[in-house]
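So that the names make sense, note that chain A is the first sequence line, chain B the second, and so on, each numbered from 1.
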Amino acid sequence: MAARTIRFGECTLDIHYDIVNMSGQKDIIFLHGWGSSKEIMKRAFEDKFQNLRHIYIDMPGFGKSPNNEILTTNDYANIMATFLDALNSDKFAIVGHSFGGKVATLLKPKNLILLSSAGIPQAKSLSVKLKIAVFKLLKPLGFSYLYRFFATKDAKGMPKNMYETLKNVVDEDFSHIFTNYHDKTFIFWGKDDTATPLRAGEIIASLVTNNVFTVLDGNHYFFLDNQNAQEIEKICLEKFSS
Amino acid sequence: MKFAIVFGGASYEHEISIVSAIALKKVIKSELCFIFLSPERDFYAIDIGNMKSNYFAKGDYKKSPKLELTRNGFVKKSFFGSSKIEFDTVINLCHGADGEDGKLASIFEFFGIDFIGPRIEASVMSFNKIYTKQLANMGGLKFLRYVAVNKKDRQKVLTENIVFPIIVKPSRLGSSIGVSVVKNKDELEYALDVAFEFDDDILIEPFIEDVREFNLAGCFAKDFIFSVIEEPQKNEFLDFDKKYKDFSRTETVFKADISEELQDKIKEEFKKIYNLGFAGSLIRCDFFVIGNEICINEINPIPGSMANYLFEDFNSVINDLAENLPKVKKIGVEYKYINEIASAKGKAN
C-alpha cells in the first residue's frame, strides 16, 4: 500500500502501488487488465518470483488510482514509464494481463510476459455490428444518452472519461507492434479464454520474433490458478534473458 | 446499566472496529445493544444475533433498521411513528476517524447522549500524532524526538542526512496502518509513499531497537483504575495484521516483569496524560522506557476491544466509568438581556 504523485503533461496523477520483496535486485512489474486492479495480480504472484522485487500498480482509473482524463494506450505506457523511472526501476520483467499486455509491450522491458494479452481485434458478431450501426444512426438525433443501452458490459456504471478511454483502447490492432517486437517475450494463454480467444494468442506468437508460447488450462483469468502461476514462474525463471 | 456499542465509521479502521465490537459482545455481561455506523455514515440498529463480521462485509446490515440521532437519542422511524432505542450509555467503539477524531464526541455532546469515549478536545489532540507530541510537552511528559513532514516537502526528506533506522508514520492513523521501519536510504522512498497514501502529514522518529515497551490502560471513576501493565511481545514492531488479530484476542497478556517502583512511575505518567482532558474515556497508553526515562509513545483513546483483556474485572471498570462520566454544564438561556432592553425601551416610550 503506497502512492506516488507523478506529473503527466498538464495533470498530476496519484499512482497507487505495492512493493513485495523490497530487497530483490531486479524488478518484475505487474500490469492488470481492463476493469481489474493490482490486487488480482498480487493474489496470483505475491509468493512467486521470490528473488525479484515485485511492483504491483493500479493504472489510472483502476483500483485505488483515480483518473479524470481521457487516455490512450500510449498515454498509459507513457504514464507507466514516468512512474517506473520515478521508482528507479530497471524494468527487468513486465507482466501484462489483457489490456495490461498492450501497455507492457509498449514499455519494452528486458523480459515481456503477456498473459492473455489484448491487441488482436476479433471480428465483431453481427449483433454487435448492428448495435453500433443503430447507435451511429441515433446519435445525430440527440439520442446519445441511450449509449448505456448499447455500451458493452464493461462500460456500465463507468465514468464518462473512462468510457471514452475504453473506446480509445478497445479493438486496437497491435499487429504491427508485435511484428516489430524483437525482445524476449513469454506468451501465456488460457485454453478456454472467451474474452481474448486462444486464436489471438497464436497470432501474437506468430508475429513476435523471440517468444516462448505456452497454453494452460483455464479462461481469461487462468493465472489465478496456483498451478498455472507456478508453471508461469518456472518457465520464466528457466528462460529469462538477463 | 444498559450499553449501546457504537462501532464502524468512515475510517481506515472500520473493519477493526467491527472485530472489536464482536469481541466485546462476549466480554460485557451487562445488557447490550449494537449501533453500526456505515461507511456512508448511516446509523443502523444491529440485532445482537447478527453481530458477525460477514454480516457487514456482505452489506447485509442494510437490511437492519436505520436510526436517526435526535435530541431524544437514537430513534428508529417506521410507518407508524418513531421509537427510541433504550440504553443508558453509549460506548464509542469507532476506532480511527469519526470515533477518535472528535466527530462522534461532538454529536453525542450536542444531542446530550451519555457516552464512554474521548471528549472533543481529547480526541483532537490524540488523533493527530503531531498534536499528541505538543500535548505531552504541555503535560511535562517525555517523548521521542520527531520530524513532521508535509507531502509537499517529500523531496527534502530524501536529501536530508538521516541516521537510520527510523520509523515513518502517517500523522492521523492508528493500528500501525501505513507505518514502516526504515533501515536504510533504499527503503526510504517506499516508506514515504506508504505513509503519504494515508495522510498528507507524516512523522519521522528514530527507531530504537530492543526498546522496552509497556502498555497501560485505565480510566478515572472517582479514583484512577489501572489495568495490569503489559510488555507486548514484539516482532520488530506490531504491524497492522498482528494488531488486527490482537484486537479480537481475549486472553494471553504478557504481564510486564518490572519493579513496583517502575510500575508506579508509569502510572504517574499515565495520570499526567489522562488529566489533560481524557475524563470519560478508557484509554491505553504505550510507553517506552529508555534508560531511566519513561517516554509516552502513543495514546489510544479508544483501544481495540477497550483493552478489556488487560483488566482483571473489566465489567466493573466499565460500569464504574459509566456511572462517573464528566458532568456537562447546562447552559440556561433566559433571554434576560434582551428582555431588559425591551422593558427599558418600553419605559422610554
Heavy-atom distance under 4.5 Å to chain A: side chain of B/F196, backbone, both or neither? neither
Using non-hydrogen atoms and a 4.5 Å limit, figure out which bit of A/S23 sits close to chain B: side chain, backbone, both or neither. neither
Interface moiety of A/D14 toward chain B, non-hydrogen atoms closer than 4.5 Å: side chain
Does [X], at its [atom1] atom, have more than 12 non-hydrogen atoms belonging to other residues, nucleotides or ligands within less than 6.0 Å?
{"X": "B/F164", "atom1": "CZ", "value": "yes"}
{"X": "A/E238", "atom1": "CD", "value": "yes"}
{"X": "A/N51", "atom1": "CG", "value": "no"}
{"X": "B/K185", "atom1": "NZ", "value": "yes"}

To the nearest 0.5 Å, what is the distance between CG (B/D193) and CD1 (A/I15)? 11.0 Å
Using a strict cut-off of less than 4.0 Å between a Lys/Arg side-chain nitrogen and an Asp/Glu carboxylate oxygen, indicate whether B/E197 and A/R4 qualify as a salt bridge. no
Do any of residues 58-79 of chain A come closer than 4.5 Å to chain B, heavy atom to heavy atom, and if so which ones, in number order? A/K64
Ordered numerically, the heavy-atom neighbours of chain B under 4.5 Å found in residues 84-103 of chain A are A/A86, A/N88
Might you point out which heavy atoms bring B/F198 and A/M1 nearest each other, and give the distance in Å? CZ-SD, 3.8 Å
Side-chain contact, heavy-atom cut-off 4.5 Å: A/I55 with B/Y190? no
